[in-house]
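Read the structure below first, then the notes.
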Amino acid sequence: MDNKLLIKTFEPRKENMLNILHVLQNNNPQNFLTSDDIKLVANYLNITYSSVYGVAKYYTMFSLKPRGKYVIRVCKSPMCHMIGNKEILQEIENSLEIKPGETSPDKLFSVEETECLGRCAKSPVLMINDKTFTALDKEKIKNILQTIRFDEQNIK
Ligand code: FES
């Protein structure tokens, strides 16, 4: 759907900014907010470009540069760190041959580290786009990545 139509599904109120930014980012196949998106939100909410830009830059769930179709966000907060997020991250790095902050050459995956995802009791935790995966180990993450790759090859 066109972003100008999409934005109109929200009341033009400042408290809707985060939800609007989420929807616009999700509507971009490269999972990021463009400067046109920021301008659109600023005009719609009748606030400055820099106010919207500041919010988009502050929150780690938003990106101002292109990312892969699947954004993997690995929790790096204390509980996940103690239970073994390093092993999970290592498996992802080995499997995709990219490090946090990078996107795979096929533009399918980006990897990021993030603060607590709110599921500490089931550490280690990560999110892939909007879906949360808990109680991970190397085998589980390997299967998750293989499933995504398999599904993608069968879409083409
Ligand atoms: S510390 Fe990882 S989900 Fe809370």
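When a ligand or atom number is given, it counts from 1 through the structure's own listing order.
- The aromatic rings of Y59 and F62 stand perpendicular to each other, their planes meeting at an angle above 60°, with 30° marking the opposite boundary.
- More than 12 heavy atoms of other shown residues, nucleotides or ligands fall within 6.0 angstrom of atom CG in N143.
- Pairing each heavy atom of S110 with each of G68, the nearest pair is OG-N, 2.6 Å.
- Within a 6.0 Å radius of CE in M127, more than 12 heavy atoms belonging to other residues, nucleotides or ligands are found.
- The backbone N or O of I20 lies less than 3.5 Å from no partner atom in the side chain of Y44, so there is not a single donor-acceptor pair.
- With hydrogens and angles disregarded, a donor-acceptor distance shorter than 3.5 Å links the side chain of K140 to the backbone of A135.
- Here 2 is the count of protein N, O or S atoms positioned under 2.8 Å from atom 2 (Fe) of ligand 1, waters not counted.
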